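So the structure is just underneath, and the comments pick up after that.
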Amino acid sequence: MGRPPCCDKVGIKKGPWTPEEDIILVSYIQEHGPGNWRSVPTNTGLMRCSKSCRLRWTNYLRPGIKRGNFTPHEEGMIIHLQALLGNKWASIASYLPQRTDNDIKNYWNTHLKKKLKKFHSALEPNNDINMSHDHSTTTSSSHRFLSNKTPPPPPPPPPPTTSTSHGGGSS
DNA sequence: AAAAGGACCAACCGCAGGATT
DNA sequence: AAATCCTGCGGTTGGTCCTTT
C-alpha cells in the first residue's frame, strides 16, 4: 500500500488565494501557530492542501516579510551568497530574514541572473558561451561584479535557525 | 489605438530528508 | 529495523501587467 497523495485531487482548490481564504488561514495560525500543516485544511475548512497553506503563509502572509524593492545591499548579499552556496534559496533566505526563499529565487531568476550575464559578457566577450553553466561561472566573477557594483556584503552571519523543528516551536 | 512580445510574480509539482510509529 | 507520514526545498509553469512596435 503506497502512501496517499498529499492532496488528492478531488475537492482541492488550486490557483490564486482569495482574501477570504487568507483571513481564514491567518486567523487560524494566529490562534494555533504555524506548523502541523496537515491539520490546517481540516480544521479551517479551507479547500487547500497543506502544502498550499504552508506556501501561502511563508511566502505572503507571514508577518514581517518584505516583498519587492530589493536594496543594493540585499542584492549584493544574494549574489554573494548564491556564489557561495549555489541555489540554496532557503539557506540564502535565512540570511535575509525579511525575505522569503521564493522571493529571492524569483528575484534571482528575473533580475540578477540577467544582470550577471550582462556583466559577464561585458567582461569576457569571448567566453559568454560558458554562461550556460550558471553556478560555476558566477562563483568567481560574481565577486568581481560585486566589487564593481556594490560594497562587498558582510561575511555571512551564522544562520538564525530559530528552532525550525516543526510542531514544537510554535511562535 | 491595437497587437505582440517580454518581464515579473504567485503558485504548483515532484523529490528528498527527517521524524514518528 | 522498517515502513509510513509530514514538512521543506528547488525547479518549473501559468497568468497578468507593462513596454515597445
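A note on names: the letters A, B, ... follow the listed sequences, proteins ahead of strands, and every chain is numbered from 1. What you are looking at is a predicted structure, and each value in this text was computed from that prediction instead of being measured.
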Q: Answer yes or no: does a side-chain N or O of Lys105(A) lie under 4.0 Å from OP1 or OP2 of dC9(B)?
A: no
Q: Rounded to the nearest angstrom, tell me the gap between atom CG in Asn59(A) and atom P in dC13(B).
A: 15 Å
Q. Of all the choices, dC8(B), dT7(C), dC9(C), which nucleotide is nearest to the side chain of Trp37(A) once you look at every atom?
A. dT7(C)
Q: To the nearest Å, give me how far apart CZ (Phe70(A)) and P (dC8(B)) are.
A: 12 Å
Q.
Measuring to OP1 and OP2 of dC8(B), would you say a side-chain N or O of His111(A) lies under 4.0 angstrom away?
A. yes
**Q.** Flag for Glu74(A)-Tyr107(A): side-chain donor and acceptor within less than 3.5 Å
**A.** no
Q) Do Asp103(A) and Arg99(A) sit within salt-bridge range, that is, some charged N less than 4.0 Å from a carboxylate O? A) yes
Q: Give the nucleotide from the list dA11(B), dC9(C), dC8(B) with an atom nearest to the side chain of Arg56(A).
A: dA11(B)
Q) How long is the line joining CG of Asn36(A) and P of dA19(B), in whole Å? A) 16 Å
Q) Expressed in angstrom and rounded to an integer, what is the separation of Asn106(A) atom CG from dT16(C) atom P? A) 17 Å
**Q.** Minimum-distance nucleotide (side-chain atoms of Arg38(A) versus dC6(C), dC9(B), dA11(B))
**A.** dC6(C)
Q: Quickly work out the Ile104(A) CD1 to dC9(C) P distance and round it to whole Å.
A: 12 Å
Q: Under 4.0 Å between any heavy atoms, over every strand shown, what does Tyr107(A) touch: base, sugar-phosphate, or nothing? Just pick one.
A: nothing
Q.
Assuming nearest nucleotide by heavy-atom distance, tell me which of Trp17(A) and Arg54(A) is located more 5' along DNA chain B.
A. Trp17(A)
Q. Hey, are the side chains of Trp17(A) and Tyr60(A) touching, using non-hydrogen atoms and a 4.5 Å cut-off?
A. no
(Q) Working to the nearest 0.5 angstrom, can you tell me the gap between Arg62(A) CZ and Gln98(A) CD? (A) 10.0 Å
Q: Take the protein atom CG of Leu55(A) and the nucleotide atom P of dG14(B), then report the distance between them rounded to whole Å.
A: 15 Å
Q. At under 4.0 Å between heavy atoms, what does Thr58(A) touch on the DNA or RNA strands: base, sugar-phosphate, or nothing?
A. nothing
**Q.** Test: Arg56(A) and Glu21(A) ion pair at under 4.0 Å
**A.** no
(Q) Please determine whether a side-chain nitrogen or oxygen atom of Trp108(A) lies at a distance below 4.0 Å from atom OP1 or OP2 of dG10(C). (A) no
Q) In whole Å, what is the span from the CD1 atom of Ile12(A) to the P atom of dA11(B)? A) 16 Å
Q.
Counting only side-chain nitrogens and oxygens, does Arg48(A) get under 4.0 Å of the OP1 or OP2 atom of dA11(B)?
A. no
Q: Report which part of the nucleic acid Asn102(A) touches: base, sugar-phosphate, or nothing (heavy-atom distance under 4.0 Å, all strands).
A: base
Q. Tell me: NZ of Lys51(A) to C1' of dA16(B), nearest whole Å?
A. 11 Å
